[in-house]
There are 2 protein chains.
Amino acid sequence: MRILVIEDEIKVANFIKKGLEEEHYAVDTALDGESGLYMSEVNDYDLIVLDLMIPKIPGLDVLRRIRSNKNKVPILVVTAKHSAEDIVKGLDSGCDDYLTKPFEFKVFLARVRALLRRERVDAEPILKLADLILSPVTHRVTRGGKEIELTSKEYGLLEYFMRNPNKVLTRTMISEHVWDYHFDSMTNVVDVYVNYLRKKIDKGFEPKLIHTIRGVGYILSPDRP
Amino acid sequence: MRILVIEDEIKVANFIKKGLEEEHYAVDTALDGESGLYMSEVNDYDLIVLDLMIPKIPGLDVLRRIRSNKNKVPILVVTAKHSAEDIVKGLDSGCDDYLTKPFEFKVFLARVRALLRRERVDAEPILKLADLILSPVTHRVTRGGKEIELTSKEYGLLEYFMRNPNKVLTRTMISEHVWDYHFDSMTNVVDVYVNYLRKKIDKGFEPKLIHTIRGVGYILSPDRP
DNA sequence: CTTCTATAACGAGAATTCTCATCTGCAATT
DNA sequence: AATTGCAGATGAGAATTCTCGTTATAGAAG
């Protein structure tokens, strides 16, 4: 597995390189955006680790230009910036995961492994419906610009809805996707979670997005009577 | 998708056939073990639904004989028998899932879909280590013949251990397999669950099976100082 | 052998997930 | 329009999962 690390702080770059090499990855480093971009073009990497704060070409531009080359290599963004704005821009520009510095090396390694293993998600990294926005990478959700906190099951349910908008989803379909297959449909957990979700994403907002189709299931749609 | 239903009660057989056909499966029915076995040999099914209480050749024998033909078709056993013994025998004989009658049709359908989708598990359906036995299909665990109740995370952790016996597993390996990849290893959940598991499968039993490898992780092994 | 330090075990309580019983309201029928 | 039966909504509480702070212990160093 070949990995490119684009990072200007030499200490950090070497630390990452050394750590990855101990795990038997072949690692190249680039100390600025220009050389990083160049290396990404001439070599075929399995993963690129990209710092956003780098000289010559800013990280986000490197990201965009790698993607505009139709290069689908997984990119793990590493950034000291905590602001949601930068992260969202990163996601919009096509990074696959991100980590804010400082990070524990084992957390970093876990993400690297995950990205190398993960089947490429060619879909756009942001899902939108009306003013509801969901980012599958960060599991972050906003409606009308307001951040909405969801638990992990609630998130899973919403993501499934967002991936199938304007389509009626039966309880069976939902339970098979959001829960696992041994799921026992005797209970009404799905209803309960739809209820939880409604309280968080529809209550206090217009239009309502989750609608009940009596006798069939539920639908996520902005234009419904 | 072609499905064979081996079931002697004509009413039940027709009910299942009709229901599956509504879902666009092609369904054949056999009313006894002999014809069922014969049909399984001459045709190539994607799934077999097998009642255990059938005339001519008992269900369990049909199951064993299908398997002894090296036929790996998924088999969903349907049985009125509630006794653990029959179910365990069924699993030992190579069925992939089972349902006890009476069942809700939608539950049945969910299982059918799951089996048709599932990648074939060629491994033996029972995992053993010393007197600890785990059945991945039913998620049932016993030690020294005594049934042990595990929650789903505890079960997941134990299954991972049982699939990798006598091998040191790091916390990272565990968290990536038992939890999902966005898992944040800042916390000690893994330790906590190992602790829960020890209380259930080691406390009051000898030898101890879960051992700590200081600085590395944990190992499941019957012979350790 | 004793002390020290890093690592693991554990307890307690918070948050999430799930179950179940009851309530509400739609829509079919009279 | 009123009745009724049933699907869905909801509240309450149980079970599970997770977090975090404290205590215990192994192994290294003195």
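Predicted model, so just to flag it, every value in this text is computed and none were measured. In what follows, every chain begins at residue 1, and chains take the letters A, B, ... in the order their sequences are listed.
- Under the side-chain hydrogen bond (donor to acceptor under 3.5 Å, both in side chains) criterion, B:Arg198 pairs with B:Thr212, sequence neighbours left out.
- Look at B:Thr187 and you'll find a side-chain N or O under 4.0 angstrom from OP1 or OP2 of D:dT19.
- Note: NE2 (A:His211) to C1' (D:dA7) measures 18 Å, nearest angstrom.
- Atom CH2 of A:Trp179 and atom P of C:dC18 are 6 Å apart (whole Å).
- Listed by chain and number, the residues in a side chain to side chain contact (heavy atoms under 4.5 Å, CB included) with A:Asp191 are A:Arg171, A:Asn188, A:Tyr218 (sequence neighbours excluded).
- With sequence neighbours excluded, the residues satisfying ring pair (Phe, Tyr, Trp, His ring centres under 6.0 Å) with A:Tyr160 are A:His177.
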Using the 3.5 Å cut-off, write out each protein N or O paired with an N or O of nucleotides 27-30 of chain D and the distance between them.
none

Shorter than 3.5 Å, N or O on both sides, protein versus nucleotides 9-16 of chain C: list them out with atom names.
{"from": "C:dA9", "atom 1": "OP1", "to": "B:Arg198", "atom 2": "NH1", "distance (Å)": "2.6"}
{"from": "C:dA9", "atom 1": "OP1", "to": "B:Thr212", "atom 2": "OG1", "distance (Å)": "2.6"}
{"from": "C:dA9", "atom 1": "OP2", "to": "B:Tyr218", "atom 2": "OH", "distance (Å)": "2.5"}
{"from": "C:dC10", "atom 1": "OP2", "to": "B:Asn195", "atom 2": "OD1", "distance (Å)": "2.5"}
{"from": "C:dC10", "atom 1": "N4", "to": "B:Asn188", "atom 2": "ND2", "distance (Å)": "2.9"}

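- By the side-chain hydrogen bond (donor to acceptor under 3.5 Å, both in side chains) test, B:Thr151 pairs with B:Glu154, sequence neighbours left out.
- Taking the salt bridge (charged side-chain N to carboxylate O under 4.0 Å, His left out) definition, one finds that A:Glu206 meets it with A:Lys208, sequence neighbours left out.
- Residues meeting the salt bridge (charged side-chain N to carboxylate O under 4.0 Å, His left out) test with A:Asp46, sequence neighbours left out: none.
- A:Glu154 places its CD atom 11 Å from the P atom of C:dC18, with the value rounded to the nearest Å.
- Distance, A:Leu157 CG to C:dC18 P: 11 Å, rounded to whole Å.
- In this structure, A:Leu132 CG and A:Ile201 CD1 are separated by 5.0 Å, a value rounded to the nearest 0.5 Å.
- Every residue meeting the ring pair (Phe, Tyr, Trp, His ring centres under 6.0 Å) condition with A:Tyr193, not counting sequence neighbours, appears here in chain and number order: A:Trp179, A:Tyr196.
- When rounded to the nearest whole Å, the span between NZ of A:Lys203 and P of D:dA9 equals 15 Å.
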